[in-house]
Amino acid sequence: MTQFQASPPPETLCPARPSVKITLVNQGFQRPISVYLALQKRLAAHLRTLLKSKYDLDIENLPIEIPPDLRFGELATPIALQLARSLRKAPKIIATEIVESIGALEGFAGFEVAGAGYINARLDRSTGVKSIAAADLAQHSPKSPLHALVEHTSINPNKAAHIGHLRNAILGDTFVRLLRAAGSKVDIQNYIDNTGVQVADVVVGFLHLEGKSLDEVRQIVAGCEQRAAASGRPADAIDFYCWDLYARTSQWCTSGTGEENAARKQVRLDTLHAIEHGGNETAAVAELISTAVLRRHLETMLRLDIEYDFLPRESEILHLKFWDAAFEQLKQTGVLYFETEGKNKGCWVMTRPGAATEPVQDQDGPKGTDEDAKVIVRSNGTVTYVGKDIAYHLWKFGLLGKDFGYKPFFTYPNHECWISTMHGEAAHPHFGGAQAIYNVIDSRQSDPQANVIQALRGMGHTAEADRYTHFSYEMVALTPRCAIDLGYNVPEEDRSRAYIEVSGRKGFGVKADDLIDKLIAATLDEVNKRQTGRDQAEREKIARQIAIGALRYFMLKYTRNSVIAFDFKDALSFEGETGPYIQYAVVRARNIFRKGDTTADAVLAEFAQLAPDTIAELLARVENQDIWALWLSAARRSLVLEQSLTASEPAYLAKHAFQLAQEFNNFYHRHHILNEENPALKTLLLATAAVALRELIVVLGWLGIESPEAM
RNA sequence: GCGCCCGUAGCUCAGCUGGAUAGAGCGACUGACUACGAAUCAGUAGGCCGGAGGUUCGAAUCCUUCCGGGCGCACCA
């Protein structure tokens, strides 16, 4: 543009941000107080009345965005561009007309036309900064319109948890924290399929491959418990033992000569049926193993600060005959019908979601049969997985008319986790009957999930179907390099692929506890180098906080639809876009107050006494634009929370935390806060650090990441 | 064959109801520790946003189509 641009314009000092849109959609979440949201709403309302009186226009969704750069102001609208056609005027002329008659608006310093016809709004910086400093954004009213139920983790209780399960649990646990931050009451469930083929496989392993009796299995479990307790090594525990046994059994079941293979498959099937039926030695082994492994899963997740309220089990869904109650309802509402023709003859079936939009009212005959229908009850009278899932989800919404028995299972520091049982304790909390449910299940299960939703809708439960969210995410895979490093035999044709799917069946994957141990060891190394003045217990605590922060952030920074190609190099990194980077920003901010012998609260109290004119003058200076930008970022917390919730995307908040940390680190380098000689400026700098610190701690907390005192 | 997801810098990913000059991290190359700790910061290089059409004042974003990759589509659980 200009050829004589000797020095960069002052505007380039402010960090450029992508243009961000503000949505007004509220999907049943409580809207938190936010400086940004309040100003946006005020501006939108003001412009709407202006457009009505000036042009007689009713604009429902008036677009207001956060411009990509501070030199365009703090809020902007492209409304003039949109109106150009209907008003048959150039956008710039419309924008000018609007700005000329816009008048004064509380909180705003002025408006101007820019670019092709944008209307940019500038905030009154001193009042903006004061309200951000004062806003205790965590203080929403605690009552919530929606009682939510989040189901996550749901690992088959037959082997150790792996990194894929970690993504599930961390996503689910973080989403719970976000819902609670927005004021919702949330129950956390972890569904336990203790009667499926996976458990059956391990039971086959114990009984047939290893030839153990129930008593011997009991001894193995007890031995594992003792060894693991003594050594503190997860590798000694029962879930690791089962990991290998499961892989061996899977191999056994799918190998052998034709005759042998058939016999082995039959053994597996018989075992499965014995477990489902219950009341026999095989079922007792299954119960023993699945319960011991489940306990290990809860311990593993507790290392990541992940807890549960209730563990509904498949065995109770079977034995309490949830399906019978659901079957009646499904027949009465016509969702299920008995097929008399075609390949599904003799089955109870339902139409699939994608299929014919209207039930085809064909003439009876071969053409009227829906060959693509989903079988719910087999011709032999047994129910399929989807059928049981429909029953379970009717219970979740309180529509089944039956309930579990409940007994305590696992004690957390602050509460009890309950498990389903046939005949439970008389006094117990009530689960189920939620208004909104979120199922954290990987995207491979979207078809069965859609079937359940379809069934609910067909039964007339449309409100429930609308509040049923399949919180889907892509899998965690291994890079070929990582797989080779772990010692797996990777076929030549797979080595050029971007990633290879993990498989519990093949025993191919990275175990959760192993990864956590590696992370803690690596962080402890770093802490030992830096924290020479602290005792061992303190160092270990810090190392654990950093390791968990690294792991949780690693799993949260990817959006749900992206496949994570796992590599130890990335997961063990503590630099750049990582949890420790954000935690380090917190530690630096804390150190300022420690060295300055003051506190964030004291600083903010002092800041409140500063004259508005003084603040306005300081924030207008060219060299202080980054400070104002940091305040604006800090003010975006509840805005981002809302976007995160409506999109069911925790990654938005993870990115926000990182950006905030990045801006703070930049600010930290540019301004020598404690040495600042101008007292007013020093107060402003300290207040900036205080607000950044407050925001970082809160957002990290929402992500389930602790803020260490030192690192 | 049908359905869903993905394709943006050397690599890994953001870019959220279409909007101003497409952004990070890693890796590479230059610099900055006598300041509140360098797990940090500043800078340089690196992009026909898979291809082609279309809608629009305006497209990485919406539509169509093709190409490439992944995952699902059982009376299994």
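To find a chain, count down the sequence lines: A is the first, B the second, and so on, and within it residues start at 1.
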Integer-rounded Å distance: [N] [atom2] and [X] [atom1]:
X      : N     : atom1 : atom2 : answer
A:K343 : B:C73 : NZ    : P     : 13 Å
A:D442 : B:G72 : CG    : C1'   : 10 Å
A:I94  : B:G19 : CD1   : C1'   : 16 Å
A:Q659 : B:G23 : CD    : C1'   : 9 Å
A:R352 : B:C73 : CZ    : P     : 9 Å
A:I376 : B:A74 : CD1   : C1'   : 12 Å
A:M555 : B:C13 : CE    : P     : 13 Å

State which of [options] makes the closest approach to the side chain of [X].
X      : options             : result
A:Q643 : B:C26, B:C16, B:A20 : B:C16
A:E474 : B:A20, B:C5, B:A35  : B:C5
A:R444 : B:A14, B:A20, B:C71 : B:C71
A:N561 : B:C5, B:G25, B:G15  : B:C5

What N/O pairs connect the protein and nucleotides 55-60 of chain B at under 3.5 Å? Give each pair on its own line.
unit_1	atom_1	unit_2	atom_2	d
B:C57	OP1	A:R85	NE	3.2

Listed by chain and number, what are the ring pair (Phe, Tyr, Trp, His ring centres under 6.0 Å) partners of A:F471, not counting sequence neighbours?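 So A:F471 forms a ring pair (Phe, Tyr, Trp, His ring centres under 6.0 Å) with A:F175.
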
Would you say the ring centroid of A:Y558 lies under 6.0 angstrom from that of A:Y473?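 Ring centres of A:Y473 and A:Y558 not closer than 6.0 Å.
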
Under 6.0 Å between ring centres, would you say that holds for A:Y581 and A:F658?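 Yes - the distance between ring centres of A:Y581 and A:F658 falls below the 6.0 Å cut-off.
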
Checking A:K343 now: which residues fulfil salt bridge (charged side-chain N to carboxylate O under 4.0 Å, His left out) with it, not counting sequence neighbours? none

Under the salt bridge (charged side-chain N to carboxylate O under 4.0 Å, His left out) rule, collect the residues that match up with A:R588, sequence neighbours excluded.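 Per chain and number, A:R588 pairs via salt bridge (charged side-chain N to carboxylate O under 4.0 Å, His left out) with no residue.
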
Please classify the nucleic acid contact of [X] as base, sugar-phosphate, or nothing, using heavy-atom distances under 4.0 Å.
X      : value
A:G115 : nothing
A:S562 : sugar-phosphate
A:S446 : nothing
A:E501 : sugar-phosphate
A:D389 : nothing
A:A477 : nothing

[atom1] atom, [N] versus [M]: distance in rounded Å?
N     : M     : atom1 : answer
B:C41 : B:A60 : P     : 31 Å
B:U61 : B:G25 : C1'   : 23 Å
B:A39 : B:C26 : P     : 14 Å

What's the verdict on ring pair (Phe, Tyr, Trp, His ring centres under 6.0 Å) for A:Y652 and A:H656, showing C-alpha distance, side-chain angles and the deciding distance? CA-CA 6 Å; A:Y652 293 164; A:H656 172 65; over 10 Å; no

Tell me, which stems hold RNA chain B, with a stem being 3 or more Watson-Crick or G-U pairs in a row and both distances under 3.5 Å? B:1-7 with B:67-73, B:10-13 with B:23-26, B:28-32 with B:40-44, B:50-54 with B:62-66

Let me know, please, whether A:S573 or A:Q198 comes out on the 5' side of the other along RNA chain B by nearest nucleotide. A:S573

For A:H273 and for A:A114, find the nucleotide of RNA chain B with the closest heavy atom, then tell me which residue's nucleotide is more 5'.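 Result of the comparison: A:A114.
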
Do the ring planes of A:Y668 and A:F664 sit parallel (below 30°), tilted (30 to 60°) or perpendicular (above 60°)?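 If you compare the ring of A:Y668 with that of A:F664, the planes turn out tilted.
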
Stacking here means centres under 5.5 Å and planes under 30°; does A:Y118 stack on B:G19? no

Is any NZ, NE, NH1 or NH2 atom of the basic residue among A:R481 and A:D567 found under 4.0 Å from an Asp or Glu carboxylate oxygen of the other?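 No, this pair does not count.
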
Does CG belonging to A:D597 count more than 12 external heavy atoms closer than 6.0 Å? no

Do A:Q266 and A:D270 get their side chains close enough for a donor-acceptor pair, meaning under 3.5 Å?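 Yes.
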
Are a donor atom and an acceptor atom from the side chains of A:E474 and A:S562 found within less than 3.5 Å of each other? no

Examine distances only and state if a side-chain atom of A:H277 and a backbone atom of A:H273 form a donor-acceptor pair shorter than 3.5 Å.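 Between the backbone of A:H273 and the side chain of A:H277 there is no qualifying donor-acceptor contact (under 3.5 Å).
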
Short side-chain to backbone donor-acceptor contact, A:R590 and A:A710, under 3.5 Å: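 Flag not set: sc A:R590 to bb A:A710 has no pair under 3.5 Å.
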
Determine if the base of B:C13 is syn or anti; take syn to mean the glycosidic torsion is within 90° of 0. anti

When every nucleotide of nucleotides 37-45 of chain B is labelled 5' to 3' by its protein contacts under 4.0 Å (heavy atoms), B for base, S for sugar-phosphate only, - for none, what sequence of letters results? BSBBSS---

